[in-house]
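In this text the structure is predicted, and so the values were computed from the model without any measurement. Both ligands and their constituent atoms are indexed starting at 1 by order of listing. Note that the numbering runs from 1 along the sequence shown for the chain.
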Amino acid sequence: MEKKWWHNAVVYQIYPRSFMDSNGDGIGDINGIISKLDYLQQLGINLIWLSPVYRSPMDDNGYDISDYEDIAAEFGSMAQMESLIAQAKQRDIHILMDLVVNHTSDEHPWFIEALKSKDNPYRDYYIWRKPAADGGQPNDFHSYFGGSGWAFDEASGEYYLHQFSVRQPDLNWENPRVHGEVHAMMNRWLAKGIGGFRMDVIDLIGKEVDAQIMANGKNLHALIRQMNRATFGKGDAVTVGEAWSATPADALLYSGVEREELSMVFQFDHIKQFWDEHAGKWRSKPFELASFKAVIEKWQTALAHQGWNSLFWSNHDLPRAVSKFGDEGEFRVASAKMLATALHCLKGTPYIYQGEEIGMTNVRYETIDEYRDIESLNLYQERLAEGVSHEEMMQGIHANGRDNARTPMQWDDSPNAGFTTGTPWITVNPNYREINVAAALAEPDSILWHYQKLVALRKQYPVLVYGDFQPVLREHPQVFAWLRALDSERLLVINNFTAEHLTLDIPHQMQNWHGECLISNYAPRDRLAVSIELQPYESFALLIGR
Ligand code: NOJ
């Protein structure tokens, strides 16, 4: 496999609205991020995925962009953005900009022009259809944020498509002028010295609207390849495509080196496992290790020799990792460390979502008014109108709502967790007095230092980056274990995914193995006996026989 500079890097995702507020307006900002670069450098990460900071009316917290080449006033200015890029680079950190080009904001000048008349030159930048024969919407396509995916424009008597909010009209990727505009914009960002792009819902840009094929349309890969050639392909950028629809076979198309498309995709198989078939994320299924193992193994195996995996447990659209896959109570610290070890010891590029490194947890606001996320708010209304109870929807929001990940970063135990001196745009998780960065920095045994160690290990041990993934103890219902093998080196990774004390019988051929414990969340282990007693959520990685 051709080696790339970002293979051993770790990405840290920043959701700017919730990271650090420098001016007391209650909203995180670019200067706030700059003030925390030393912290990120100490953690050891080399890439920041920066969720959108562009100018936006903030209907979807910045995923609705009205100017791709300006910065939202609440986040700062272009000069500050350039300073962030430069100051990060001095610390060997590169910025991945969030490329949101499936749709724009309805306040984007292209859309404002498009609304003016059917023959406006920008009309075709968006997707318009005449009403159906009965005068209603062109088809029954439903928006991901609730309601119809079509919005009626009185003036022209036509509908426009929006897969997300009504204020996020979809761009028309069948129009070559759209390609030209987007490519030129991307090149201007690359010229500013960014490290690459995270590509929002990139699997939707090839949509075949009339066939109602939204994800994975027939032109998708041609469009991405064309984008690669016209923009980032010439350099050394990292590109990660968000692709909810991707199968392992699709991922090979996106990230196979000879394909000249993307570095890797973000896929969500391990997340969707625990959603209800009908009610989706709003009815959470309990975590179940067997299916989780099967999914991770499937992806590790399929992308073993070609393509590249993104590794993540959480992001700004998902619940907190420790709440979903670990234990937020008694074993919060142990389980957060176990999850961290598991993530960093798989093959691929790990992503840490802000706050994960201190074990931040989900939040449980009691009233819907405390929520800010457009998706939770819209779907709450929609499902209640359909007869779902308030209690059931609140349960769904508590388990899987996006605001779980969007509460302010917990920096210290001062009011509002040191995130702002003003009133935060969303209430701070009340557990900040106990869970915060200052406390984690002061505690040598904290989750934070565990993450820091893992990030460093990936730089030190090629087996962690390039070693083959080989499952062991496959049928074990409580333990997820695997080997990584590179040349003569073998790394054994054992994770107890439960709160129970377990006696683990070691497979015969591994019984005498011994070596160097690279990381553990209890006392380090340097040898395997016939069986070992595992503590709740115990995990360790053993480098065999060096
Ligand atoms: C995926 C983003 O991660 C999410 O936050 C956003 O709402 C949608 N795409 C629409 O841009």
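For His103, the closest heavy-atom approach to ligand 1 falls below 4.0 Å. Proximity of Tyr144 to ligand 1 is not established, as no heavy-atom distance is less than 4.0 Å.
At a heavy-atom distance under 4.0 Å, only side-chain atoms of Arg198, from C-beta outward, approach ligand 1. At a heavy-atom distance under 4.0 Å, only side-chain atoms of Arg402, from C-beta outward, approach ligand 1. Residue contacts with ligand 1 for Trp244 are absent, since no atom lies close enough (heavy atoms, distance under 4.0 Å). At a 4.0 Å heavy-atom cut-off, ligand 1 touches Arg406 through the side chain alone.
Below 30°, between 30° and 60°, or above 60°: for His316 and Trp49 the angle between ring planes is above 60°, a perpendicular geometry. A perpendicular orientation is assigned to the rings of Tyr371 and Tyr365, their planes being inclined by more than 60° (bins at 30° and 60°). Classification of the His270-Phe312 ring pair by plane angle, with boundaries at 30° and 60°, yields perpendicular.
Here is the list of ligand 1 atoms found below 4.0 Å of a heavy atom in Phe145: 7 (O). Proximity to Glu242 (heavy-atom distance under 4.0 Å) selects the following atoms of ligand 1: 1 (C), 3 (O), 9 (N). Near His316, meaning under 4.0 Å from any of its heavy atoms, are these atoms of ligand 1: 2 (C), 3 (O), 4 (C), 5 (O).
The aromatic ring centroids of Trp308 and Trp299 lie 6.0 Å or more from each other.
The pair Lys285-Glu277 meets the salt-bridge criterion, since a charged nitrogen lies less than 4.0 angstrom from a carboxylate oxygen.
Shortest contact from atom 2 (C) of ligand 1 to any protein heavy atom: Asp200 OD1, 3.0 Å. What sits closest to atom 7 (O) of ligand 1 on the protein, heavy atoms only, is Asp60 OD2, 2.5 Å. What sits closest to atom 3 (O) of ligand 1 on the protein, heavy atoms only, is Asp317 OD2, 2.5 Å.
Between Met227 and Leu99, the closest side-chain pair of non-hydrogen atoms falls below 4.5 Å.
With a 6.0 Å radius and a threshold of 12 heavy atoms from other residues, nucleotides or ligands, Arg364 has its CZ atom at or below the threshold.
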For Asp124 and Arg177, run salt bridge (Lys or Arg N to Asp or Glu O under 4.0 Å): C-alpha distance rounded to whole Å, both residues' side-chain angles, the deciding distance at 0.1 Å, then the answer. CA-CA 9 Å; Asp124 246 11; Arg177 288 183 60 203; over 6 Å; no
